[in-house]
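Here's the structure we're looking at; comments come further down.
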Amino acid sequence: MPPTPVSSDLRPTNDWWKSAVVYQIYPRSFADSNGDGIGDLPGIISKLDYLAELGVDVVWMSPAYKSPQDDNGYDISDYQDMDPTFGALADMDELIAGLHERGIKLVMDLVVNHTSDEHPWFVESRSSRDNPKRDWYWWRDEPETEWESFFSGSVWEHDETTDSYYLHLFSRKQPDLNWENPQVREAVYEMMRWWLDRGVDGFRMDVINLISKKFNTDGSLDGTESSYVDGPRMHEFMQEMHREVLAGRNLITVGETPGVTIAEAQNYTDPARNEVNMVFTFEHMNLDTIPGQYKWGHRDLYLPDLKENLSAWQTGLMETGWNSLYWDNHDQPRAVSRFGNDGEHRVASAKTLATVLHMMRGTPYIYQGEEFGMTNSPFVSVDEYQDIESLNWAKQAAQEGWSTEEITFALSVKSRDHARTPVQWDATDKAGFTTGQPWLAVNPNYVEINAAAAVADPTSVFHHHRMLINLRHTHDVIVNGDYRLLLPEHEQVFAYARSLDGKQVLVLANFSDEHISVDLGEDAGLLDGQILLSTDGRTEARPNLNPWESIVVLNG
Ligand code: NOJ
């Protein structure tokens with residue numbers, strides 16, 4: 001096994017994040033230290049050596065701030081304190097120190113499109129029409145647009161205190177902040193500086209491209225569908241944030257940007273514009289949805305579509321900007337169940353998905369449990385889900401006439417809860433996640449699929465990830481090389497080449513349950529190079545691939 005370097009010589013100080021790999025923790029489901037069934041900060045602290053062994057450079061932690069937990073912490077009532085369910089600020093300090101001792105940086109989730117309705121800012125704002133914080137949120141006498149909330153229903157909620165309506169793109173307990181108000185922006189910047197001064201190394205910015213809303217000439221909100229995406233002042237706000245908070249600090253920043261296009265992503269991530277390092281695209285997450293429908297209208301993925309899309313992002317951000325690379329996060333079902341084969345070929349397909357992602361140009365993100373091949377939950381009824389988006393939608397779908405079978409099927413393929421079942425640490429009761437009753441059922445396959453088993457097995461998905469991380473730390477061509485898609489029309493094979501300074505890396509992956517013989521045409525010579533990594537322990541490259549096999553070959 002190659003050693004996992006803690007830091008790499010390749011990393012220039014300013015864009016060290018280009019050769020970094022990020023690991024996402026969803027605190028609620030990661031590790032529970034006190035038996036209340038909910039993960040917590042001491043639980044995370046107890047797993048730092050595991051993260052160091054994996055070799056990741058950065059941890060992005062989903063919100064653990066004070067919160068009524070309407071949306072599992074994405075509804076924040078105090079940005080500068082931790083929720084007692086998760087721990088205290090002292091635990092945060094210990095976490096930051098523990099990560100830094102191991103050479104790992106910490107990215108906090110920055111959720112500032114909205115607050116909780118229990119945040120003191122909103123409590124003040126709703127108290128009277130002339131409260132000084134009234135204008136910190138979006139108040140109207142009547143619903144002004146017909147937008148539908150991401151969590152179903154209208155985005156406008158009536159509030160009795162002042163007989164008016166406030167805007168919430170997400171749940172009614174997540175009122176949108178009014179970024180037009182400079183006091184709001186300054187309050188956010190001050191909070192960000194406070195965290196940076198405490199030692200955090202960057203931010204993942206929740207739905208950041210929704211903060212600038214578009215107006216009509218009469219000052220009302222432009223109610224066109226999705227007109228709140230990449231609004232007119234977006235780049236001004238991002239540049240202001242950069243100036244006021246981020247500049248000169250050598251951080252890692254990533255914007256979550258639903259609906260973003262490649263052209264807009266170039267703008268967000270062009271270093272010359274001083275906004276963010278990278279953004280998350282959602283386009284590849286929408287390819288298994290029926291066009292024109294929201295995520296619940298499921299269809300099977302067609303591999304050439306996926307290749308075309310990911311390749312467009314690879315080449316689109318080649319000259320300007322930078323990609324973030326992900327299959328999994330806390331909002332998506334498990335990739336091995338969604339795009340791989342989580343039955344017979346679980347190990348091979350989890351490895352191959354990782355190979356294809358990690359060898360691309362961009363910064364890879366691993367979501368907890370992905371590194372050892374966790375799968376979707378086997379939930380069969382709506383009652384087993386907890387996620388607000390899933391439950392609100394199921395209720396609405398039933399009213400719209402979807403059958404119970406259709407609803408449970410859609411949830412079984414797309415619910416966010418598949419990512420949120422507790423991390424399966426070992427084969428003991430409750431998968432070693434908690435000594436209590438877990439808040440969301442543990443997947444019964446923990447007996448076979450767990451971190452301890454994967455760490456102990458040198459051929460596991462875990463060690464495959466470890467080696468992929470190591471390759472990124474070792475080969476400049478993987479970090480900075482150009483990207484070229486091979487065999488674009490092939491319905492079972494994902495193949496591409498990376499090249500830099502006379503070196504070429506071939507990535508060849510079988511995305512099917514069948515044995516395949518690949519004809520690389522004029523690129524066949526790339527198979528003559530040195531195998532850097534293989535899912536099947538192969539030492540020489542060949543055009544015949546086993547089901548879900550992938551290889552990485554270095555030339556030059
Ligand atoms: C995106 C987050 O990733 C998701 O979990 C959350 O529900 C929404 N933004 C609202 O904050």
Side-chain angles (χ1 to χ4, degrees), residues 22-30 39 59-79 83 86 107-119 122 137-138 147-153 155 157 166-177 179 188 203-211 213 226 228-230 253-260 276 278-282 284-286 294-296 324 326-334 365-368 370 385-393 414-421 439-440:
V22 182
Y23 185 93
Q24 184 193 351
I25 290 180
Y26 193 66
R28 201 176 179 79
S29 307
F30 191 67
V59 163
W60 148 30
M61 189 177 76
S62 279
Y65 312 96
K66 214 154 185 241
S67 157
Q69 303 293 317
D70 188 54
D71 183 18
N72 290 355
Y74 281 89
D75 49 317
I76 298 168
S77 55
D78 187 344
Y79 290 109
D83 197 88
F86 298 122
V107 161
M108 295 292 273
D109 220 307
L110 179 79
V111 187
V112 291
N113 173 68
H114 44 268
T115 66
S116 161
D117 65 338
E118 297 181 32
H119 193 293
F122 188 75
Y137 296 84
W138 299 90
W147 295 331
E148 200 184 334
S149 153
F150 285 95
F151 294 164
S152 306
V155 296
E157 179 73 7
Y166 64 86
L167 175 75
H168 60 91
L169 292 181
F170 293 87
S171 101
R172 60 166 66 94
K173 287 185 68 62
Q174 292 167 300
D176 279 45
L177 279 165
W179 274 71
V188 168
F203 296 102
R204 173 268 185 189
M205 303 176 184
D206 190 73
V207 292
I208 199 67
N209 66 331
L210 310 187
I211 61 175
K213 274 81 175 171
S226 305
Y228 45 76
V229 172
D230 298 323
T253 53
V254 52
E256 189 208 23
T257 48
V260 78
V276 286
M278 58 195 118
V279 295
F280 289 123
T281 164
F282 280 65
H284 63 307
M285 292 288 123
N286 295 332
Y294 193 49
K295 66 189 233 180
W296 307 103
S324 45
Y326 74 97
W327 295 125
D328 268 327
N329 62 43
H330 65 293
D331 291 331
Q332 301 296 337
R334 293 281 178 182
Y365 287 71
I366 302 171
Y367 177 68
Q368 63 185 37
E370 183 180 9
Y385 294 88
Q386 300 256 353
D387 165 37
I388 182 168
E389 181 198 38
S390 305
L391 296 180
N392 285 1
W393 172 76
K414 290 285 171 64
S415 172
R416 309 194 294 181
D417 273 347
H418 296 300
R420 301 176 179 188
T421 61
W439 72 277
L440 185 66

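The first residue of the sequence shown is numbered 1, and numbering continues consecutively from there. Whatever order the structure lists ligands and atoms in, that order sets their numbers, starting from 1.
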Enclosure of K213 NZ (heavy-atom neighbours >12, cutoff 6.0 Å) | yes
Report yes or no: does a heavy atom of F150 sit under 4.0 Å from some atom of ligand 1?
-> no
Taking only non-hydrogen atoms of R416 and a 4.0 Å limit, the atoms of ligand 1 in range are 4 (C), 5 (O), 6 (C), 7 (O)
Between D75 and K173, does any side-chain N to carboxylate O distance fall below 4.0 Å?
no
- [ ] Flag the pair F151 / H168 as yes when their ring centroid distance falls below 6.0 Å, and as no otherwise.
- [x] no
One finds that the ligand 1 atoms under 4.0 Å from a non-hydrogen atom of H114 are 10 (C), 11 (O)
The ring-ring contact (aromatic ring centres under 6.0 Å, His included) partners of W147 (sequence neighbours excluded) come to Y228
One finds that the ligand 1 atoms under 4.0 Å from a non-hydrogen atom of V207 are 9 (N)
Residues passing the ring-ring contact (aromatic ring centres under 6.0 Å, His included) test with H114, sequence neighbours excluded, are F170
In ligand 1, the atoms that come under 4.0 Å of a heavy atom of E256 are 1 (C), 3 (O), 9 (N)
Of all protein heavy atoms, the one nearest atom 9 (N) of ligand 1 is D206 OD1, 2.9 Å
Any heavy atom of F280 under 4.0 Å from ligand 1? The part involved is neither
A student checking ligand 1 against R420 at a 4.0 Å heavy-atom cut-off should list atoms 5 (O)
Atom 8 (C) of ligand 1 has as its nearest protein heavy atom F170 CE2, 3.8 Å
Going through the checks in order, is the side chain to side chain donor-acceptor pair (under 3.5 Å) test met by S171 and D70?
-> CA-CA 8 Å; S171 101; D70 188 54; 2.5 Å; yes
Counting from 1 in the order shown, the ligand 1 atoms closer than 4.0 Å to a non-hydrogen atom of F151 are 7 (O)
Under 4.0 Å between heavy atoms, the region of E389 that gets near ligand 1 turns out to be neither
Under 6.0 Å between ring centres, would you say that holds for F122 and Y137? yes
Test item, Q332 contacting ligand 1 (heavy atom, 4.0 angstrom):
no
TODO: If the plane angle is over 60° it's perpendicular, under 30° parallel, otherwise tilted; pick one for Y26 and H330.
DONE: parallel
The protein heavy atom nearest to atom 7 (O) of ligand 1 is D71 OD2, 2.5 Å
Ligand 1 atoms nearer than 4.0 angstrom to some heavy atom of D331 are 1 (C), 2 (C), 3 (O), 4 (C), 5 (O)
